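Being a predicted model, the structure only gives us computed values, none of them experimental. Computed from heavy atoms alone, side chains included, the values below leave out hydrogens, waters and symmetry copies. A note on names: the letters A, B, ... follow the listed sequences, proteins ahead of strands, and every chain is numbered from 1.
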2 protein chains.
Amino acid sequence: MKESKSKYAVMGILSIGPVSGYDIKKKFEKSLSYFWSESYGQIYPILKRLATEGLAIRSIQKQTGKPDRHIYALTDKGRKALREWMIRPVGRLIGRHEILLKLFFGHQVSLEDNIRQVEHFRELQSEKLKEIIASEEMLKTDYKDNPNLTYWLMTLRYGQYINRAYLRWCDETLAILKGMEQEAGA
Amino acid sequence: MKESKSKYAVMGILSIGPVSGYDIKKKFEKSLSYFWSESYGQIYPILKRLATEGLAIRSIQKQTGKPDRHIYALTDKGRKALREWMIRPVGRLIGRHEILLKLFFGHQVSLEDNIRQVEHFRELQSEKLKEIIASEEMLKTDYKDNPNLTYWLMTLRYGQYINRAYLRWCDETLAILKGMEQEAGA
DNA sequence: TAGAGCATGTAATAGGTTACATGATTAG
DNA sequence: CTAATCATGTAACCTATTACATGCTCTA
């Protein structure tokens, strides 16, 4: 009986303040993109369900020229349900790391192919690290007095730790692969 | 036009040697479980499809007392398709880290709740690290002369780097949270 | 005037897990 | 005697993405 985490991801956003589905998508893209994402195809039906389950209430904000905004706010019941999920211990995560899948079968292709793959992966992670560091600076100034800031910074630090670990692993792996290349060429 | 990676995961296993669907599941559980998994509901239909697409051929191994084994082997066409996928650069991975989702909304619950959550996460990762180190030792002895060994070890090293990064992050985060606790209590 | 942004939502499709069905053998 | 292992496979179900439909306004 595993329940989808998307529901709680949406409720979590609502816990910060009442917003529309459109806003929620933006939030995910702006602040959670490096560890979570949700599509409209998930968000809108979830909001509807939250309302029928009494976990959120909807109010309509009329606008001129633009479509109306459907603003959702958590109810007490919703806040309680969110908290209950928050304190449930997390399960094991079996992320599917495509780079490892490819490397696991590395013997099927040439050394150069493997090197190229790892170098490309290193490039990706190096860019991501830069982005994370940049958004850390932004957050610190933009939300200086927000009580959520400490928690948001913790998630960013996580990204930094992991990405630096990726880079170190890439360097080690590339050194091994290049060593094998030398050996084969000799 | 993103193609499912499960297909290539199965083909990758077949590239090591001809096996049955049952064996493939076992392989995933034994050697790839810390970064990849596939269920029977995926494996069997994929094998069928590989055969109809000419990427693999099936032969039947009769057994007495036990059900027959359907052994699949990659064809040249299959081996070529696998190699083509192998050299395609990997995309960005947006793993969904439940612990981060919970921590991002950490302000909604108490400091103790957050501490408990991170401590539990640390416990999980610490166990996992032990498992990875243990299987590294096993691999080194069991597959001493296997040409795949170098690549398999690389994937294990990755797991070690990442898991050690998790532990360091947990320690940093726990220190911050406990510092906040002190402050609040003072 | 073309395209991006605002804003809602649904339908089609893909990706994936779990539970079930079958049935013999073997280990505790 | 019970449970696990061997071994195949399917059906029901859940989860998630992508593409589409609508239509106004503002910017390049």
Side-chain angles (χ1 to χ4, degrees), chain A residues 1-11 13 18-30 32-33 35-52 56 58-72 91-96 98 101, chain B residues 1-11 13 18-30 32-33 35-52 56 58-72 85 91-98 101:
Chain A
M1 285 244 201
K2 258 205 220 161
E3 229 181 335
S4 164
K5 287 151 202 164
S6 298
K7 180 182 162 185
Y8 295 103
V10 169
M11 286 208 280
I13 302 287
V19 277
S20 68
Y22 191 80
D23 295 336
I24 290 171
K25 183 80 202 299
K26 289 276 128 6
K27 264 268 186 229
F28 277 115
E29 278 163 10
K30 203 195 140 206
L32 294 94
S33 64
F35 72 86
W36 207 272
S37 71
E38 295 293 346
S39 60
Y40 286 128
Q42 289 270 95
I43 294 169
Y44 284 116
I46 284 171
L47 286 173
K48 204 177 238 183
R49 237 183 64 213
L50 290 179
T52 60
R58 181 168 88 163
S59 59
I60 285 159
Q61 207 176 82
K62 290 237 165 91
Q63 298 193 123
T64 44
K66 293 177 200 171
D68 296 349
R69 284 157 53 79
H70 296 191
I71 307 293
Y72 289 83
R92 281 205 176 216
L93 114 119
I94 325 115
R96 293 169 76 138
E98 193 184 349
L101 192 59
Chain B
M1 284 240 202
K2 258 205 219 160
E3 227 181 337
S4 164
K5 287 151 201 161
S6 297
K7 179 182 164 185
Y8 295 103
V10 168
M11 287 210 280
I13 301 287
V19 277
S20 68
Y22 191 80
D23 295 336
I24 290 171
K25 183 78 201 299
K26 289 273 128 10
K27 264 265 188 239
F28 277 117
E29 278 164 9
K30 201 194 143 207
L32 295 95
S33 64
F35 70 87
W36 206 272
S37 71
E38 295 293 348
S39 60
Y40 286 127
Q42 289 271 93
I43 294 168
Y44 285 115
I46 284 172
L47 286 171
K48 205 178 235 181
R49 237 183 66 214
L50 290 179
T52 60
R58 180 168 89 162
S59 59
I60 285 159
Q61 209 178 80
K62 291 240 165 90
Q63 299 192 125
T64 44
K66 292 177 201 173
D68 295 350
R69 283 157 56 78
H70 296 192
I71 307 291
Y72 289 83
W85 172 77
R92 280 205 175 214
L93 115 116
I94 326 117
R96 293 169 75 139
H97 297 239
E98 194 185 348
L101 191 60

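As a whole-Å value, the separation of B/E29 CD from D/dT5 P is 10 Å. Rounding to whole angstrom units, NZ of residue B/K62 and C1' of D/dA7 are separated by 15 Å. Between B/I60 atom CD1 and D/dG9 atom C1' the separation is 13 Å, expressed in whole Å. The separation between B/K25 atom NZ and D/dG9 atom P is 15 Å, rounded to whole Å. Distance A/Q42 CD to C/dT8 C1': 17 Å, rounded to the nearest Å. Residue B/D23 contributes atom CG, which lies 7 Å from atom P of D/dT8 at whole-angstrom precision. Across the protein-nucleic acid pair, B/K5 atom NZ and D/dT17 atom P stand 12 Å apart, rounded to whole Å. Atom-to-atom, CD1 of B/I71 to C1' of D/dC6 comes out at 13 Å; the value is rounded to the nearest Å.
For D/dC14, the OP1/OP2 oxygens have no side-chain nitrogen or oxygen of A/S4 closer than 4.0 Å. Residue A/R49 places no side-chain N or O under 4.0 Å from the OP1 or OP2 atom of D/dT15. Listed pair A/S6 / D/dT15 fails the phosphate criterion, with no side-chain N or O lying under 4.0 Å from OP1 or OP2. Contact annotation: B/Q63 side-chain N/O to D/dA7 OP1/OP2 distance is under 4.0 Å. Checking the phosphate oxygens (OP1, OP2) of C/dG15, no side-chain nitrogen or oxygen of A/R96 falls inside 4.0 Å. For the pair A/Y44 and C/dT8, the criterion of a side-chain N or O lying under 4.0 Å from OP1 or OP2 is met.
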Please test A/K5 against A/W36 for side-chain contact (heavy atoms from CB on, under 4.5 Å), starting from the C-alpha separation and ending with a verdict.
-> CA-CA 10 Å; A/K5 287 151 202 164; A/W36 207 272; 3.8 Å; yes
Might you work through the side-chain contact (heavy atoms from CB on, under 4.5 Å) test for B/Y8 and A/E98, ending with a clear yes or no?
-> CA-CA 10 Å; B/Y8 295 103; A/E98 193 184 349; over 6 Å; no
Go through A/D23 and A/R69 one step at a time and tell me if the side-chain contact (heavy atoms from CB on, under 4.5 Å) criterion holds.
-> CA-CA 10 Å; A/D23 295 336; A/R69 284 157 53 79; 3.0 Å; yes
B/R96 vs B/L101, side-chain contact (heavy atoms from CB on, under 4.5 Å): CA-CA, chis, key distance, verdict | CA-CA 8 Å; B/R96 293 169 75 139; B/L101 191 60; over 6 Å; no
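In the set D/dC6, D/dT18, C/dT8, D/dC6 carries the atom at the smallest distance from any side-chain atom of B/K26. Checking C/dT10, D/dC6, D/dT10 against the side-chain heavy atoms of B/Y22 singles out D/dC6 as nearest. For B/H70, taking side-chain heavy atoms from C-beta onward, the closest of the listed nucleotides D/dA16, C/dG16, D/dG9 is D/dG9.
In summary, B/K7 and B/E38 do not engage in a salt bridge, as defined by a charged side-chain N under 4.0 Å from a carboxylate O.
If A/Y40 and B/K48 are placed on DNA chain D by their nearest nucleotide, the residue sitting closer to the 5' end is B/K48. Positionally, the nearest nucleotide of DNA chain C for A/R69 lies more toward the 5' end than for the other of B/S39 and A/R69.
Annotation: ring pair (Phe, Tyr, Trp, His ring centres under 6.0 Å) contacts of A/Y22 (sequence neighbours excluded): none. Every residue was checked against the ring pair (Phe, Tyr, Trp, His ring centres under 6.0 Å) condition with B/H70, not counting sequence neighbours, and none meets it.
With a 4.5 Å cut-off on side-chain heavy atoms, A/K27 and A/V19 do not count as touching.
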Tabulate atom names and distances for all N/O pairs under 3.5 angstrom spanning the protein and nucleotides 20-28 of chain D.
none

